[in-house]
Amino acid sequence: MLDPRLLRSELEEVARKLKRRGFELDTDAIARLETERKAIQTRTQELQNERNQSSKAIGQAKAKGEDIQPLLDAVADLGDKLKSAESRLSAIKEELDGILMGVPNLPDESVPEGSSEEDNVEIRRWGRPPEFGFEPKDHVDVGHALGQMDSDTAAKLTGSRFTVMTGPLARLHRALIQFMLDLQTSEHGYCETYVPYMVNADSLRGTGQLPKFEDELFKLEGDLGYYLIPTAEVPVTNMVRDQILAAEDLPLKFACHTPCFRSEAGSYGKDTRGMIRQHQFEKVELVQIVRPDRSFEALEELTGHAEEVLRRLELPYRMMNLCAGDIGFSAAKTYDLEVWLPGQGKYREISSCSNFVDFQARRMQARWRNPGEKKPQLVHTVNGSGLAVGRTLVAVMENYQDEGGRIAVPAALQPYMGGASHIEPNR
RNA sequence: GGAGAGGUGGCUGAGCGGUUGAAAGCACCGGUCUUGAAAACCGGCAGGGGUUAGCGCCCCUCGAGGGUUCGAAUCCCUCCCUCUCCGCCA
C-alpha cells in the first residue's frame with residue numbers, strides 16, 4: 001500500500017509515476033473521498049469530544065451528589081448524531097481503503113520505461129550457451145527418453161500442469177533443493193526457515209496477492225478460508241507482520257524451501273508443454289527484512305545470491321532490469337534472472353528478485369525502532385527466488401544432456417547424488 | 001471432537017462501569033555518581049490519526065465485530081486465537 005499521506009499531498013505526482021507502469025489512478029474519486037473524509041472525520045471527532053466532556057461532567061456531578069438529570073437531558077440526542085457520523089466515516093474510510101489496496105507500488109526512478117517484457121533492460125550476462133554436436137532436445141524429450149518424467153500419469157492423478165518424476169531424476173530434483181538451501185544458509189547467511197503451506201487472507205493482503213489477485217490462488221474449501229501459498233514469500237514475509245523490530249535485529253534473512261501453488265488462470269495455452277509452468281512447483285525463496293536505507297543494496301546483494309546458484313551449477317544466464325510496465329504489483333524494482341534453455345533456444349525466467357520498499361511493510365504494519373527517530377518506522381522488504389527448482393531442473397536437463405540421452409550431473413550436485421556423474425536412461 | 005483457563009503497552013503483568021490510555025516490573029533512552037564500567041539513585045518512555053510555526057490540544061485503539069449505557073479494558077452477545085486436560089491421529 002502507498003502512503004495515504006503521499007496521496008493527499010502529491011496526488012498528481014503519484015498518478016504520474018503510476019502511469020509509467022500503465023496504471024490509471026482515479027485521482028478525482030480519491031480527491032473527492034479525501035475531502036469528504038476530512039470533513040466527516042472532523043465532525044465525528046467534535047461530537048466524540050462533546051460526548052467525552054459531558055460524560056466526564058456527569059461522573060463528577062454524580063460523585064458530588066448533585067442532580068444529573070439536566071446534564072442527561074442535554075446529551076439526549078448526541079448519541080444518534082454521533083452514531084450516524086461514525087458510520088458515515090467508516091463507510092468512506094472503507095471505500096477509500098478499497099481503492100488504495102488496489103493501487104500498485106510506485107516504480108523506482110532506476111526502473112526503465114516500457115510497457116512489456118520487450119522493454120526490459122539487460123544488465124549483464126554470464127556463461128556461454130553450450131555447443132552441441134547434435135540437435136539438443138527440450139527437457140520433455142530428455143525426460144521421456146530417460147523414462148523418469150511423466151506428465152500423462154500426472155494428468156491421470158490430477159490433471160494438466162503437473163509432473164511425475166521417478167528415480168535419479170526425482171533425486172536430482174531433490175538434490176537441487178538441498179544444494180540451494182545449503183548454499184544460501186551456510187555461505188550467504190540466511191536462516192533456514194520452515195513455514196505453513198497454507199495461509200490466511202491477512203497474510204495474502206500483507207504481501208499484496210489480495211485483494212486483487214485472488215483468481216491466481218488456490219483457495220481451500222471450508223470455513224477456514226485458507227489458501228495454498230503461491231510462493232514462500234507470503235508466509236515468510238508475514239512473519240514480521242504487526243511487529244516492531246529492534247534495530248539490532250535487522251537485517252533478517254530467511255531462506256525457505258516450499259512448494260508453490262498457482263492456478264495459472266490467465267495463462268491458458270502458455271507454456272503448456274513440460275514443466276515450465278506448473279500448478280505445483282518447488283522453490284527456494286530468499287527474504288530479507290531490512291532498514292529502509294539499505295533496501296536497494298539488499299536487492300543487489302540478494303540478486304547476487306540467486307546468481308551464485310546458477311554460477312555454481314554453471315548454467316548460462318542473463319540479468320534483466322524489468323521495465324515499469326513489467327514489474328509486479330507490489331514491487332518498486334525487480335531484477336529477473338533468465339537461464340539459457342537450449343531446447344527453446346532462449347533465455348527464460350528462473351528467478352525474480354524485488355525490492356518492495358515499504359509497500360508490503362505498510363500493509364503488514366511491520367516496523368522497526370530507528371534510534372534516530374521517535375516513532376517506529378516501516379521496514380523495507382526484499383525477496384527473490386534462489387531459485388525456482390522446477391525450472392532449474394529443466395535448465396540442467398537441457399544444458400547437460402548428451403547425444404546418448406544421458407544427463408551429466410553438475411559438479412556442485414554430485415555430492416547430493418551419491419557421487420554419480422551422470423543420470424542414465426532407464427533400461 | 002469433549003472439558004476448562006486466558007487474550008491489556010517492545011516484553012511480563014495489575015486493573016470497584018466514571019481524570020485508568022491504563023499500576024508495577026523488565027527492556028530501552030537521558031542524567032547524577034564513577035578514571036571507566038557495573039550497581040545505586042533521578043527523570044523519560046504505547047501505537048495510530050487530526051490540528052498547530054511551535055508549546056500544545058483533540059480523536060481512536062486494552063484479540064475482532066456487534067450491543068447495553070450519559071459514560072465500557074471493566075457488563076452482554078457473536079467470532080477468532082492461545083494454553084491445559086481427555087479423546088482421535090502421522
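Excluded from the calculations below are hydrogen atoms, water molecules and symmetry mates; all remaining heavy atoms, backbone and side chain alike, are included. Lettering follows sequence order; numbering is per chain, from 1.
- Using a 4.0 Å cutoff on non-hydrogen atoms, the parts of residues 31-47 of chain A near RNA chain B are A:R37, A:K38, A:Q41, A:Q45, ordered by number.
- If you check the side chains of A:Q45 and A:N49, you find no donor sitting under 3.5 Å from an acceptor.
- Side-chain nitrogen and oxygen atoms of A:N52 include at least one within less than 4.0 Å of the OP1 or OP2 phosphate oxygen of B:C60.
- Residues A:V75 and A:E86 each lie close to RNA chain B; by heavy-atom proximity, the contact nearer the 5' end of the strand is made by A:E86.
- Within the structure, ring pair (Phe, Tyr, Trp, His ring centres under 6.0 Å) contacts touching residues 207-263 of chain A (residues at least two apart or in different chains) are A:F213-A:F329, A:F218-A:H279.
- RNA chain B is contacted by both A:Y226 and A:K62; A:K62 maps to the nucleotide lying nearer its 5′ end (nearest heavy atom per residue).
- Between A:Q48 atom CD and B:C58 atom C1' the separation is 10 Å, expressed in whole Å.
- Closest to the side chain of A:R367, from the set B:C70, B:G47, B:G50, is B:G47.
- Regarding contacts with the backbone of B:C58, every side-chain N or O of A:N49 stays at 4.0 angstrom or more from both OP1 and OP2.
- Using a 4.0 Å cut-off, some side-chain N or O of A:K375 falls inside it from OP1 or OP2 of B:G48.
- Panel note: side chain A:T258, backbone A:C256; no donor-acceptor pair is recorded below 3.5 Å.
- Looking at A:S55 and A:N52, their side chains never bring a donor and an acceptor atom within 3.5 Å of each other.
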RNA chain B in dot-bracket form (Watson-Crick or G-U pairs under 3.5 Å, [ ] crossing, | inter-strand) is ((((((((.[[[..)..(.....]]].(((((.......))))).((((((....)))))).[[[[[..)....]]]]])))))))....
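- No side-chain donor-acceptor contact under 3.5 Å links A:Q360 and A:T237.
- Under a 4.0 Å N-O distance rule, the pair A:E216/A:R262 does not qualify as a salt bridge.
- Among the nucleotides B:C70, B:G48, B:C59, the one closest to the side chain of A:P376 is B:G48.
- The side chain of A:R369 has B:G10 as its nearest neighbour among B:G10, B:G49, B:C70.
- Although no hydrogens or angles enter the test, the distance criterion places no donor-acceptor pair under 3.5 Å between the side chain of A:S354 and the main chain of A:F356.
- A straight line from CG of A:D249 to C1' of B:C11 spans 13 Å, rounded to a whole angstrom.
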Salt bridge (charged side-chain N to carboxylate O under 4.0 Å, His left out) for A:R362 and A:D358? Distances and angles first, verdict last. CA-CA 6 Å; A:R362 185 170 295 104; A:D358 60 8; 2.9 Å; yes
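- Side-chain N or O atoms of A:E300 include none that pairs as donor or acceptor with a backbone N or O of A:E297 at under 3.5 Å.
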